[in-house]
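The structure under discussion appears below in the form of structure tokens.
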Amino acid sequence: MQINSTVSKIYRSKDTAVMVNIDRTTIQRLGFGFGKRDDSQQSWRRWFDGQLENYRPIVEQSPFPERMQIFLDARQTFKNNSQISRDKKNDFERERRRKVHQQFYADALLRTEHAVHSDTPFVERIVHFWANHFAISADKLIGEALAGPFEFDAIRPHVLGNFSKLLEAAVLHPAMLIYLDQASAVGPNSMVAMRREISGRRQLGLNENLAREILELHTVGLEAGYTQSDIENFARALTGFTVKSIGNLSAARKIDGAPGGMLFLDEIHEQGQVNVMGKRYAQSGKSQTLAILSDLATHASTARTIATKLARHFIADKPNEQSIDRISKAFVNSNGQLSEVYLAVAKEVSKPEMRKPKFKSPNDWVISSLYSIDAPLPPARRLYKWLKGMGQPVWAPGSPKGFADTKAVWLSPSGLLARAEIASTIPGTLDQLSSPEELFAKLAESARKDQSFSIVSQAGDLEQALSLFLLTPEFLYR
Amino acid sequence: MSWIISRRQFALGLGGAMLSIMSSGATPTAGQNIRNRKMLFIILRGAADGLSILAPIGDTYYQRARGILAEDKQPRLPVAGFFGLHNAMGKTHALYQNREATFYPATGLSHPVRSHFDAQNMLETGTQRAYQSDSGWLNRALSLLAHPGEGIAFAPTIPLALAGSQPVSSVILSESDALDTDFTDRITMLLESEPELLQNWSSALNISKASQTAMDGSGKSKSRDVGLFIADIMTNSVNAGMATLELNGWDTHSKQDGRLDKLLKNLDAIIDGLNLGMGDDWRDMLVVVATEFGRTVKPNGTRGTDHGTGSLAIALGGNLEFGNVACDWPGLSPSQLFEGRDLRIVKPIEEIILGLVSTHMSLDRSIVKKTLYPTL
């Protein structure tokens, strides 16, 4: 009797250990690791459902109008004003730039803070995922002014809804219209273009940039086989969407509304039907673009593009085709209902045979570090410098493709060195230091964990132990 | 051997048959040892407008075809009696006059596309279809060096052009203090069980020692300092063979002139710093500047240009004696344009790089081709 009971007890505890381990790994893979609010004894499914239920889409009142105002302010004040001296104008301009920079860093800190303090780390990762999918790059001052508001307004509220709404919100947001040059494009046969031709002024015309990147990056992808003429036709349909008070379109200045808002102006829209990817769109005005976007959003190639990217983000650098198929199917069957798509992703992540170790991106590594050890956020500029030094400055990937998502890109000598430098400064910001035992309890089980633990626990002091913990292979990977 | 192309010769070629000029563009300087040959590949990401950098001002269609883009604020610098180099490229122009630089107009990929991402992939892997290879041609070129050399990315991450099985490192200008060795030794212990992490970490430690010495200056990464920093790392500190530098922002769909002016000033200052900093080692150096494709000949509706085809490459360095600009100029008249909108490519960028690398490293072209462009 005695013996039997011991055996069953061992069995039971081993069972529990295995079960908890699977859940913990899945949770660790979907979120930022274990923070003080993560219940490591919960099943991954309950944890996951809680993520979708508790997410707060709106974090504050839209900052867009205020940011736009900072950007436009000085420009309006002294444009064409000969009363103001050149020096004064230069001072004003410097001050304006300083304000925009400062606000930009503050916005980058704000999005990071939301992630670090979040009750729903999975959805915060999803927000960052979509902000990168619909990347705008703050390479110019206007980009800096609008990058934060773009994520807060166009991405955050739509990440748990339908993909078609997210697509529409992202690509027609003023920040995107400006970044991919749509805001100043004009239909070559539109009323405004005609008027200008008659009066002999400089010709305005199309810009293919946004049309091309919606097809190539945001939806169907190159493999869908669209042509240069599909791009040009889509660019024609897109004319009309512009932004108030940006550029020299007098037509856009006359309309009422807050500066920086999105407008559709029939006067610059290229009238007439267009063919895009074998389908004819004869709608007038903005409904033409909305119809094209709606078809693109539910296209089978779009489902595949999105499924592949999500799989690469959460499952493996080279995800299994079966995983991609299942996620893609969830996208098609639900008509792009994103919560269904995420559930399919989470199910794949929960299968040990499907997931491979993922080397954390710099952004992920910084957030999961601060999240796991409950460290205070660094000052805005320092945070930005950290991420820039590792090659992932927030909202500035340098191209509409966004940042890459594989180890081949993020594991580099200078990148590792930068992580070591950052890790060495974090303990100094903490009031209370955890012991190595407490730190390692935050990690899911792994084969190497004991070895790393013994090295970290022999550190010279608790500060060094904490720095080393953030550099263990188990923490660098998820 | 060099070729000076007169304006008349170019003028003759226009409108009729394409003018043909025979020249490789570069010949090796005789009698130098090949032990320490080095190379830097500068990638202009975003598709730089070759026609604005080196404008074919001698083409009778130039003004008509380019419209507002032909209205320069500053006078252009003469090249080969036919082209005008952008005024921001003064230092590069001086090197050109000294036969230490040359230009390759109307170049592009052998299989051109208008997607940034496919084109950059092909430019970096050396394949003729995108996403066929995980290694960059510069990484493979390391195996051709006479000395054991390392690849160095001057960036926080390693670009595809330099990625692959040969050892590579990365370095950036850093203002932070060196980490103490007690800490770095413990990190080494932690990463020992993971070969890939360990390899990157060891490489980081080696190069961080080197960059600490290179950083004696102001610590600010002004353009010229970036060039000086690269020069320092490439000459004194490590066994550098092939290196990369990526410059972003060339996707000028709108307000092109002001943006190009800044971008080109930066490029020119980096080249200047590099040339100054390398001193005598400039003789072993080859710098190739390239971009993924060119831009439309006609300006678009927003004072910029959309994705096009033919662009420009630049080669610099003290090893090769560069001749004058060598090119079958394809012309800008409507009938001469590719698909009615773009500058036609007359010589693929792969061929240009192949020629330059073989001559620079004094290697047989067929051997270099097998390594760099096996499917060309």
Side-chain angles (χ1 to χ4, degrees), chain A residues 137 139-140 180-181 183-186 188 193 202-209 212 216-217 222 228 231 247 362 388-392 398-401 404 407-418 420-421 423-425 448 451-452 455-456 458-460 464 467-468 471-473 476-477, chain B residues 45-46 67-68 113-118 130 134 153 155-160 163 168-172 174 176-177 179-180 182-184 186-187 189-191 193-194 196-197 199-208 211 246 248-249 251 253-255 259 299-304 306-307 339:
Chain A
S137 191
D139 306 328
K140 302 181 210 161
L180 291 180
D181 306 297
S184 43
V186 169
R202 187 174 64 80
Q203 273 306 290
L204 301 168
L206 293 177
N207 189 308
E208 295 168 13
N209 208 7
R212 181 187 298 275
E216 180 172 342
L217 298 175
L222 275 176
Q228 174 66 31
I231 295 170
K388 193 172 180 186
M390 294 184 286
Q392 201 177 20
S399 99
K401 195 181 186 184
K407 180 179 69 179
V409 173
W410 297 127
L411 176 52
S412 73
S414 52
L416 264 188
L417 191 64
E421 285 169 357
S424 73
T425 66
R448 276 175 323 219
Q451 197 186 336
S452 295
I455 295 167
V456 171
Q458 284 163 36
Q464 193 186 49
S467 302
L468 288 171
L471 299 167
T472 56
L476 292 170
Y477 283 89
Chain B
R45 291 197 192 276
I68 50 161
V113 292
R114 291 195 189 97
S115 151
H116 290 301
F117 318 110
D118 279 17
D134 290 334
T157 60
I158 291 164
L160 185 54
V168 289
S169 194
S170 63
V171 60
I172 51 166
S174 158
S176 54
D177 298 331
L179 296 166
D180 71 69
D182 175 63
F183 183 51
T184 56
R186 286 173 200 265
I187 298 172
M189 279 165 66
L190 270 180
L191 304 184
S193 59
E194 285 283 304
E196 206 178 354
L197 289 175
Q199 190 199 322
N200 277 279
W201 176 245
S202 311
S203 176
L205 289 182
N206 287 334
I207 208 155
S208 90
S211 59
E246 300 147 271
N248 290 328
D251 196 17
H253 284 278
S254 60
K255 298 181 188 157
R259 289 166 67 186
N300 65 12
T302 53
R303 285 193 290 144
D306 287 322
H307 297 188
E339 296 183 355

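In what follows, chains are A, B, ... by sequence order, proteins preceding strands, each numbered from 1.
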Practice prompt. Mind checking the CD-CZ spacing from B:E194 to A:R448? Nearest 0.5 Å is all I need.
Written response: 4.0 Å
Item to complete: For chain B, find which of A:L217, A:V456, A:L180 contributes the most heavy-atom pairs closer than 4.5 angstrom.
Response: A:L217
Worksheet item: Under a 4.5 Å heavy-atom cutoff, which of B:D251, B:N248, B:L191 has the most pairs with chain A?
Response: B:L191
Fill in: A:Q392 versus chain B, the contacting section by heavy-atom distance below 4.5 Å
neither
Worksheet item: Got more than 12 heavy atoms from elsewhere within 6.0 Å of NZ, A:K388?
Response: no
Discussion item. What part of B:V113 gets within 4.5 angstrom of chain A, counting heavy atoms only: side chain, backbone, both, or neither?
Written reply: neither
Practice prompt. Side chain from CB out, backbone as N, CA, C, O: work out which of these in A:K407 comes under 4.5 Å of a heavy atom of chain B, or both, or neither.
Written response: side chain
Worksheet item: chain B: which of A:L471, A:L468, A:V409 shares the most heavy-atom pairs with it under 4.5 Å?
Response: A:L468
Worksheet item: Hey, which of A:A193, A:G415, A:P473 has the most heavy atom pairs under 4.5 Å with chain B?
Response: A:P473
Item to complete: Return yes if a side-chain donor-acceptor contact under 3.5 Å exists between A:D181 and B:T302, otherwise no.
Response: no
Practice prompt. Kindly indicate, with the supporting measurements, whether the criterion side-chain contact (heavy atoms from CB on, under 4.5 Å) is fulfilled by B:H116 and A:S399.
Written response: CA-CA 9 Å; B:H116 290 301; A:S399 99; over 6 Å; no
Worksheet entry | Side chain, backbone, both or neither of B:L160 within contact of chain A (heavy atoms, under 4.5 Å) | neither
Discussion item. Using heavy-atom distances under 4.5 Å, tell me whether A:A420 contacts chain B through its side chain, its backbone, both, or neither.
Written reply: both
Item to complete: Go through the steps for A:E208 and B:R114 under the test salt bridge (charged side-chain N to carboxylate O under 4.0 Å, His left out), then give the verdict.
Response: CA-CA 11 Å; A:E208 295 168 13; B:R114 291 195 189 97; over 6 Å; no
Worksheet, complete the sentence: When the 4.5 angstrom heavy-atom criterion is applied to B:D182 and chain A, the contacting part is both
Worksheet item: What's the spacing between B:S115 OG and A:E216 CD if we round to 0.5 Å?
Response: 3.0 Å
Discussion item. Please give me the minimum heavy-atom distance between A:L206 and B:N300, naming the atom from each residue.
Written reply: O-CB, 3.6 Å
Worksheet entry | N/O donor-acceptor pair under 3.5 Å between A:S414 side chain and B:A155 backbone | yes
Response to the item:
By side chain to side chain contact (heavy atoms under 4.5 Å, CB included), A:I455 pairs with (sequence neighbours left out) B:M189, B:L190
Fill in: Selection from A:G389, A:G391, A:S412 maximising heavy-atom pairs under 4.5 Å formed with chain B
A:S412
Fill in: Listed partners of A:S424 passing side-chain hydrogen bond (donor to acceptor under 3.5 Å, both in side chains), at least two apart
none
Worksheet item: Any idea which of B:R259, B:R45, B:H307, B:Q199 has the most non-hydrogen atom pairs under 4.5 angstrom with chain A?
Response: B:H307
Worksheet item: Side-chain contact, heavy-atom cut-off 4.5 Å: B:R186 with A:Q464?
Response: yes
Discussion item. I'd like to know if the side chain of A:N207 and the backbone of B:H253 have a donor-acceptor N/O pair within less than 3.5 Å.
Written reply: yes
Worksheet item: Which residue out of A:L222, A:L476, A:N209 racks up the most heavy-atom pairs below 4.5 Å with chain B?
Response: A:N209
Item to complete: Any chance you could lay out the side-chain contact (heavy atoms from CB on, under 4.5 Å) test for A:L417 and B:L179, step after step, and finish with the verdict?
Response: CA-CA 9 Å; A:L417 191 64; B:L179 296 166; 4.3 Å; yes
Response to the item:
Note: vs chain B, highest number of non-hydrogen pairs under 4.5 angstrom among A:S467, A:G205, A:P413 is A:P413
Response to the item:
Applying a strict 4.5 Å limit to non-hydrogen atoms, the region of B:A130 in contact with chain A is neither
